Number of protein chains: 2
Amino acid sequence: MTKRKKHIIAIVDDHSLFASSLEKLINSFSNFSVLFHAKNGLELQERIENGFLPEIILLDINMPIMDGFETAEWLMLNHPKIKTLALSMEDDELTILRMLRKGVKGYLLKDIHPEILNHALQELMDKGYYHSEKVSETLLNSLNPDEDVILLDLKENELTFIKLACSEMTYKEIADIMDLSPKTIDGYRQDLFRKLKIKNRVGLVIFALKKNLIKL
Amino acid sequence: MTKRKKHIIAIVDDHSLFASSLEKLINSFSNFSVLFHAKNGLELQERIENGFLPEIILLDINMPIMDGFETAEWLMLNHPKIKTLALSMEDDELTILRMLRKGVKGYLLKDIHPEILNHALQELMDKGYYHSEKVSETLLNSLNPDEDVILLDLKENELTFIKLACSEMTYKEIADIMDLSPKTIDGYRQDLFRKLKIKNRVGLVIFALKKNLIKL
DNA sequence: CGATTAAACAGGGAAAACCCTTTTTTAAAA
DNA sequence: TTTTAAAAAAGGGTTTTCCCTGTTTAATCG
C-alpha cells in the first residue's frame with residue numbers, strides 16, 4: 001500500500017498478440033508497468049544495450065532466432081540483477097530444470113489466472129522467486145537428484161527416442177523415422193536402461209510420463 | 001433464499017471419523033441436515049426399512065460387508081426416488097462408470113472443499129445430478145464409447161493383469177504372482193490386445209493410464 | 001446327466017526386445 | 001595431421017513378447 005514507483009517489466013515473446021494483451025494486463029496492475037516487449041532474445045539484447053533496462057523480464061521459451069534458454073543464459077551472465085521469470089506452456093521437468101539452471105528466478109505456466117500473475121510478480125520482488133503451483137509440484141515430485149542429472153544430460157536424439165518409444169512403434173520403425181540404424185537405436189535403449197536402472201520399455205514410458213516428457 | 005425444510009441426508013461410510021465430521025459439516029449448511037449414518041449398505045437397509053427415509057444418500061464405495069456398488073444397485077431397485085451421491089477417493093474411470101451404471105446421481109471425490117460440497121448438494125437437488133470437476137473431466141476424456149464397454153466388461157483377473165503389466169515385470173513373473181500359467185497370462189494379453197486394438201505392451205500402459213487404472 | 005460356455009492352459013513358431021562387446025565413423029582438439 | 005572422444009553401427013546371442021490355433025478344465029444349466 002506504500003506509494004512508490006512501479007516496477008519496470010519487459011516482455012519477450014514472439015507471439016505479439018499475447019505480448020500486447022499481457023502488457024495491457026500488467027499496466028493495469030498498481031505496482032508494475034511494461035517498458036517494452038521484444039520478439040526474441042536478440043531484440044531484447046538490442047533494447048537493453050540501448051539503455052532500456054527493466055527490473056523484471058517475462059521470458060517465453062520457444063522463440064525463433066534466440067530462444068529462452070540462450071536469452072536466460074545471456075541475462076544471467078550480463079545482467080544478473082534483472083529478475084527473469086520464465087513464462088511458457090511447457091510443463092515438462094526437463095524444460096523447467098534447464099531454465100532454472102540458466103538462472104531464472106521463477107517459472108510460470110501460461111495458463112495462469114490474471115490475479116495470479118500479479119501475485120507472482122509481487123512475490124518475485126518480495127521473496128526473489130516464484131513458481132507456478134504445477135511447477136512447484138513437478139519439482140517436488142522429483143525426489144531423485146540423480147534422475148535430474150540424467151534428465152539434464154539427455155541428448156536431443158535420446159529425448160526423441162524416448163518420446164517415440166512411448167508409442168506403439170517397434171524399435172525398427174523408430175530407427176526408420178529417426179533415420180538411424182536399428183543398432184544405433186538399440187544403443188540408445190541400452191544406454192538409457194542402464195542410466196535409468198530400468199528393465200524394459202515399460203520403465204521408459206513411466207519415466208517419460210513422470211517427467212512430463214510426453215502427454216497422454 | 002426461500003425458507004423451507006432442510007433436505008434430509010444419510011451418510012454411508014465405514015470410516016466413522018470421516019462420517020461424523022462430514023455430518024457436522026453438513027448440519028452447518030442451511031439447506032441440509034443429516035438424519036443418520038451407517039457403516040455399510042446392510043446397516044443402511046435396516047435403517048431405511050425401519051422407516052428412516054433420507055432424500056439424499058452420500059455413499060462411500062469401499063466398505064466391508066455390503067459395498068457401494070451393491071448398495072447403489074439396491075437403492076436403484078428399491079428406492080429410486082432417493083438421490084444417491086457416490087463419495088469416494090477412487091478416481092479411475094472404471095469405478096466411476098460402474099457406479100453411474102448403478103444409478104448414482106453424482107460422483108464426488110473425497111478431497112473436495114467444504115464449500116463445494118454444499119454447492120454439490122444444492123445442484124443435486126436443483127438439477128438432479130452433480131459430478132466433481134475431475135470426474136466430469138474423466139468422463140469427457142472418454143470419447144470412445146467402445147472403450148467404455150470394454151472397460152466395464154473387464155474381468156477381475158484381466159484388470160489385475162493390466163495393472164501388473166504396467167510394471168517392469170515380465171509376463172512370466174506376472175503369471176507367478178497371479179498364480180496362473182504363463183499361457184493363461186498370454187491369453188489375457190492376446191485378448192486385450194485384440195479388444196483394445198493395441199500392438200504391444202506400451203499400448204496397454206497408455207490405456208491403463210488414460211483410464212486412471214494405475215497412478216504414476 | 002449330457003450340453004454349453006467361459007476360463008485356463010498348451011504347442012509351436014516368428015518377431016521383437018534385450019544385452020554384451022567391438023568396430024567404424026565423425027567431429028573436434030591438440 | 002595425428003590424437004581423442006563421442007556418436008553411430010554392427011556382430012551375435014538369449015530372452016521375452018507376440019500371435020495363431022487347439023485342447024483341457026470348471027462351472028452352469030436345461
Side-chain angles (χ1 to χ4, degrees), chain A residues 69-70 73 94 98 146-147 149-210 213-214, chain B residues 70 94 98 146-147 149-210 213-214:
Chain A
F69 299 111
E70 296 175 80
E73 185 157 33
L94 179 54
R98 277 181 178 161
D146 294 345
E147 267 189 4
V149 174
I150 295 166
L151 193 61
L152 280 164
D153 281 346
L154 286 181
K155 318 290 171 205
E156 208 50 40
N157 265 351
E158 284 183 309
L159 202 59
T160 307
F161 164 71
I162 292 177
K163 289 177 181 175
L164 292 173
C166 292
S167 76
E168 295 185 38
M169 273 185 265
T170 66
Y171 291 138
K172 170 78 178 59
E173 290 169 329
I174 292 174
D176 282 348
I177 282 197
M178 293 184 67
D179 200 27
L180 289 168
S181 156
K183 281 299 186 179
T184 304
I185 294 299
D186 190 50
Y188 291 168
R189 184 199 55 73
Q190 213 167 137
D191 224 44
L192 284 166
F193 279 26
R194 258 194 284 265
K195 285 197 289 193
L196 297 173
K197 297 193 183 72
I198 54 180
K199 291 197 181 72
N200 58 32
R201 202 165 154 177
V202 173
L204 204 58
V205 175
I206 301 294
F207 172 79
L209 281 163
K210 277 187 180 161
L213 297 180
I214 56 159
Chain B
E70 296 175 80
L94 179 54
R98 276 182 178 162
D146 294 345
E147 267 188 5
V149 174
I150 294 166
L151 194 60
L152 279 164
D153 281 348
L154 286 179
K155 316 291 170 203
E156 207 51 40
N157 265 353
E158 283 183 310
L159 202 60
T160 308
F161 164 71
I162 292 177
K163 290 177 181 176
L164 292 172
C166 292
S167 77
E168 295 185 38
M169 274 185 265
T170 67
Y171 292 138
K172 170 79 178 59
E173 290 169 328
I174 293 175
D176 282 348
I177 281 195
M178 293 184 68
D179 200 26
L180 289 169
S181 155
K183 282 299 185 179
T184 303
I185 294 300
D186 190 52
Y188 291 169
R189 184 200 55 72
Q190 213 167 139
D191 222 44
L192 283 166
F193 278 26
R194 258 196 283 265
K195 285 196 289 193
L196 297 173
K197 298 193 182 70
I198 54 180
K199 291 197 180 72
N200 58 33
R201 201 165 154 178
V202 172
L204 203 58
V205 175
I206 302 294
F207 172 80
L209 281 162
K210 278 187 179 160
L213 297 179
I214 56 161

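Here the structure is a predicted model, which means the values were calculated and not measured. Values below: all heavy atoms of this structure, side chains included; hydrogens, waters and symmetry mates excluded. Order of the sequence lines sets the chain letters (A, B, ...), proteins ahead of strands, with each chain counted from 1.
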**OP:** Please assess A:T170 against B:N200 for the test side chain to side chain contact (heavy atoms under 4.5 Å, CB included), listing each intermediate value before the final yes or no.
**Re:** CA-CA 9 Å; A:T170 66; B:N200 58 33; 5.6 Å; no
Considering just the side-chain nitrogens and oxygens of [X], establish if one lies under 4.0 Å of OP1 or OP2 belonging to [N].
X	N	answer
A:R201	C:dA17	yes
A:Y188	D:dA8	yes
B:T184	C:dA8	no

**OP:** Give the intermediate values and the outcome of side chain to side chain contact (heavy atoms under 4.5 Å, CB included) for residues A:T160 and A:I177.
**Re:** CA-CA 10 Å; A:T160 307; A:I177 282 197; over 6 Å; no
**OP:** Determine, for nucleotides 19-26 of chain C in 5'-to-3' order, which nucleotides have protein heavy atoms under 4.0 Å from the base (write B), from only the sugar-phosphate (write S), or from neither (write -).
**Re:** BBB-----
Subject >> Nearest non-hydrogen partners of B:K199 and B:F193, listed with the distance >> reply: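 For B:K199 versus B:F193, the nearest heavy atoms are O-CE2, 3.7 Å.
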Subject >> For B:M178 against B:L164, the heavy-atom pair lying closest together >> reply: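 Reported closest heavy-atom pair: CG-CD1, 3.7 Å.
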Original post:
Under a 4.0 Å heavy-atom cut-off, which of residues 152-162 of chain A touch DNA chain C?
Top reply: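 Those residues whose heavy atoms fall under 4.0 Å from DNA chain C, taken from residues 152-162 of chain A, amount to none.
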Subject >> Residues within residues 165-181 of chain A bordering DNA chain C, heavy-atom distance below 4.0 Å >> reply: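 Only A:T170, A:Y171 qualify.
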Original post:
Ion pair present between B:K195 and B:E158, side-chain N to carboxylate O less than 4.0 angstrom?
Top reply: yes
Original post:
Where do B:V202 and A:L204 land on the side chain to side chain contact (heavy atoms under 4.5 Å, CB included) test, with the steps shown first?
Top reply: CA-CA 10 Å; B:V202 172; A:L204 204 58; over 6 Å; no
Original post:
Is there a donor-acceptor pair under 3.5 Å between the side chain of B:Q190 and the backbone N or O of B:G187?
Top reply: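 The answer is no, because no donor-acceptor pair under 3.5 Å joins these two groups.
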**OP:** Determine yes or no for a side-chain-to-main-chain donor-acceptor pair under 3.5 angstrom, with A:R98 supplying the side chain and A:F69 the backbone.
**Re:**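 Not a single qualifying donor-acceptor pair exists.
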Subject >> Pair B:I198-B:L192, side chain to side chain contact (heavy atoms under 4.5 Å, CB included): steps then yes or no >> reply: CA-CA 8 Å; B:I198 54 180; B:L192 283 166; 5.6 Å; no
Original post:
Going by atom types only, do B:N157 and B:Y188 share a side-chain donor-acceptor pair under 3.5 Å?
Top reply: yes
**OP:** May I ask you to check whether over 12 heavy atoms, not counting those of B:D179, lie within 6.0 Å of atom CG?
**Re:** no
Subject >> Integer-rounded Å distance: C:dA17 C1' and A:L204 CG >> reply: 13 Å
Subject >> Whole-Å distance separating the CG atom of B:D191 from the C1' atom of D:dT21 >> reply: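 In whole Å, D:dT21 C1' lies 14 Å from B:D191 CG.
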